[in-house]
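Structure first, then comments.
Order of the sequence lines fixes the chain letters, A, B, ..., with proteins taken first and strands second; residue numbering starts at 1 for each chain.
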2 protein chains.
Amino acid sequence: MCAKGYGQFCPVSIAAEVLSERWTLLVLRELLAGSTRFNDLHRGVPLMSASLLSQRLRDLELAGLLDRQPLPSGKGKSYRLTEAGEALRPVVDGIGLWGTRYMRTQYAPENLDPSLLMWDMRRWIRGDRMPSGHIVIRFDIPDAPLQKQHYWMVKEDGSDTLDLCLFDPGFPVCLIVTGRLEILTRVWMGNIEAEHAVRSGQLTLDGVPEIRMSFYDWIGLNPFVHLAATQGIDSARRIA
Amino acid sequence: MCAKGYGQFCPVSIAAEVLSERWTLLVLRELLAGSTRFNDLHRGVPLMSASLLSQRLRDLELAGLLDRQPLPSGKGKSYRLTEAGEALRPVVDGIGLWGTRYMRTQYAPENLDPSLLMWDMRRWIRGDRMPSGHIVIRFDIPDAPLQKQHYWMVKEDGSDTLDLCLFDPGFPVCLIVTGRLEILTRVWMGNIEAEHAVRSGQLTLDGVPEIRMSFYDWIGLNPFVHLAATQGIDSARRIA
DNA sequence: CAGTATCCGATGCGATACTG
DNA sequence: CAGTATCGCATCGGATACTG
C-alpha cells in the first residue's frame, strides 16, 4: 500500500521520511562534522556498506539536504550540506545531547570499535595545542583485536590537522598512550576524566614529561560533551 | 552481523537505534501531543498496523521512554512518557519546525487524509473560545472519498474539549465549514490564512453570523505553526 | 475494546563483483 | 580510488485471526 512514506501532512512525518531511514542520521552527523569525501564519510560509518552509503547520499541529495559537486581534481565528488541540511544541526545536536543524557547502552562491547574511536578523536584532537614540530603519538589498545591494537596520530610541523595511520609511519614516537578500549572510549566521551584515568593507572602515558603534561591540553573531548557542558549536564556523573 | 544497532558508541547512534525505527517518531509525536490510550494513539497513525503500534510501544517502554500503566477502569492501559521521553520534545519540535521550513511534499495528495486532519484539528481547536452552549460544527469536504466527506465536532456545554464524530450525532448543526481537502489542510497548517480562504471562496462558512465570526477565533492552527511563528518563520509565505 | 500472535510477502540491505 | 550494479537472504511489517 504505502510504499515508503507515512501518508501524513504533518511536517514531523514528512521530515521523518528522510531522517528516519536507517543510517541516515549517522551520515548526517558525519556531514555536519565536516567530512566531504566519500571515503571519509565511510570511515565514520564503517559498518554501512558502500553501496548503501552511496544510496543514502543520493537520497539526501534528492531531498535537498546535500549538494554533490565533482571535484576539480577530476576524480570523485565533494559532498556538502545545503542550507536545509545545515539547518538540521540543532536537531542532530539535540539528539546527541539527549542520547548522552538518557541512553545507557553506549559502552556495550558491540558498540566499541577502536578504529572508529580513533577516527573520531582524530577529528577533534587539538593539533593546535600540541607542541610544535613533527609529532607522532601512538595509541595502544591491548584488548583490541590484533590488527587494531596500534594507531599513530601524526602532526606535521606547521599543520594543525592530524593524520591517522594504522601502520607505523616510521617516525620516532613522542608519546605512547595505553589503555583498554572501554577506558579510552569513556575518557573520550567525558565519562572519565583524563587526569583521573592516568592517576588511577587505567590510562598510561609514556614519553618525555613535557609531552606527557601537554596531553591533557590537546586530547580534547567528543563535541557532545562540550555541548552537554553548555547545558549543565555532567557526563562524568553518569559513570555506570 | 549487526543484528539491529549501528555498532557505535556515539550518542547520536545510540539514540538513532530507537528513534529512527520506522513510525517511532510519529508515535512519539502522538505521545507528546498528549494521547495516552492505544486507540487514540492509533488514530494519530492510522496507516500503522495495530500490531506494529503495539510492538513500537513495547520498544519505547524497553528503551525507557514510555511508562505503561494498567488503567484503574480495569480494561486497557495508559501510556505516558517518562522523563527521558518527555525530554525529546525539543527534538521532535525541532524536526517539525525543520520540516515546515524546508520540506515541500507536505501537500502531495497521498499525504492528505481527511480523518487524520480532523483528528489533528480536534486536538488543538480552542473549544474554550467557542460560544457557550451545545455547539456542533460540521465540516464538509466535497472532494474526499464518500465515507469521509462529513465530520462533526461536538462541544458539550461546560466542557472545553471536543468530540469528533464520523456520523451525524443528531443535534442541530451551528456551523457548516466547507472546503476542499487541500484547502482545509493548508488553512490548518497556516499556509493559507483562514480569512483569506473565506474571502476568496475557497472555504465556505454557513451558519448564523455570530458563530461564523467566531470561527477565526477558535479554529486555531497546527502547533508547529505557532512554533514557527516564535522562530520568525512565516508559513504563509511558503505557498507553493 | 485493547491489544497480541502468527504467517507470509515485499524490501532493505550486505556481500560481491564490476567500472572509469 | 570513488563509487555503482546485481543478487540473494534476512527482517520488517501488513493482514488476518485470536484472546481477555
Gap between atoms [atom1] and [atom2], on [X] and [N] respectively (whole Å):
| X | N | atom1 | atom2 | value |
| --- | --- | --- | --- | --- |
| A/R58 | C/dG12 | CZ | P | 14 Å |
| A/L71 | D/dA2 | CG | C1' | 10 Å |
| A/L47 | C/dG14 | CG | P | 9 Å |
| B/Q55 | D/dA15 | CD | P | 17 Å |
| B/D59 | D/dC12 | CG | P | 10 Å |
| A/K77 | C/dG20 | NZ | C1' | 11 Å |
| B/L53 | D/dG13 | CG | P | 13 Å |
| B/W23 | D/dG14 | CH2 | P | 7 Å |

Next on the checklist: Taking side-chain hydrogen bond (donor to acceptor under 3.5 Å, both in side chains) as the definition, give me every residue that meets it alongside A/E17, ordered by chain and number, with sequence neighbours left out.
Outcome noted: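 Expected list: none.
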Of all the nucleotides listed ([options]), which has the minimum atom distance to the side chain of [X]?
| X | options | result |
| --- | --- | --- |
| A/R68 | D/dT4, D/dG13, C/dT4 | D/dT4 |
| A/L52 | C/dT4, D/dG14, C/dC13 | C/dC13 |
| B/R22 | C/dC13, D/dG14, C/dT4 | D/dG14 |

message: With a 6.0 Å cut-off (strictly less than), is the heavy-atom count around CZ of A/R68, excluding the residue itself, greater than 12?
response: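 More than 12 within 6.0 Å, yes.
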- Task: Would you work out how much the helix from C/dC1-D/dG20 to C/dG20-D/dC1 bends between its ends, with each end axis defined by five base pairs, to 10 degrees?
- Result: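 About 40° separates the two local helix axes.
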Distance-only donor-acceptor hits, side chain of residues 44-53 of chain A, under 3.5 Å, sequence neighbours excluded:
unit_1 : atom_1 : unit_2 : atom_2 : d
A/S49  : OG     : A/S51  : OG     : 3.4
A/S49  : OG     : A/L52  : N      : 3.3

Below 4.0 angstrom from OP1 or OP2 of [N], is there any side-chain N or O of [X]?
| X | N | value |
| --- | --- | --- |
| A/N39 | D/dC1 | no |
| B/R56 | D/dG13 | yes |
| B/Y79 | C/dG3 | yes |
| A/R37 | D/dA2 | yes |

Do B/Y79 and B/S35 have side-chain atoms, one donor and one acceptor, less than 3.5 Å apart?
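Checked: B/Y79/B/S35 side chains show no N/O donor-acceptor pair below 3.5 Å.
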Establish whether the base of D/dA15 is bridged to the side chain of B/S51 by a donor-acceptor pair shorter than 3.5 Å.
->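 Side chain to base: pair present.
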Inset, instruction - Please assess A/W152 against A/D163 for the test side-chain contact (heavy atoms from CB on, under 4.5 Å), listing each intermediate value before the final yes or no. - result: CA-CA 8 Å; A/W152 290 261; A/D163 278 329; over 6 Å; no
Between B/D40 and B/R43, is there a salt bridge with N-O shorter than 4.0 Å?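 Between B/D40 and B/R43 there is no salt bridge, as every charged N stays at least 4.0 Å from the carboxylate O atoms.
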| Lys/Arg cation over aromatic B/W119: B/R122, 6.0 Å, 45° cone |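 That pair qualifies as a cation-pi contact.
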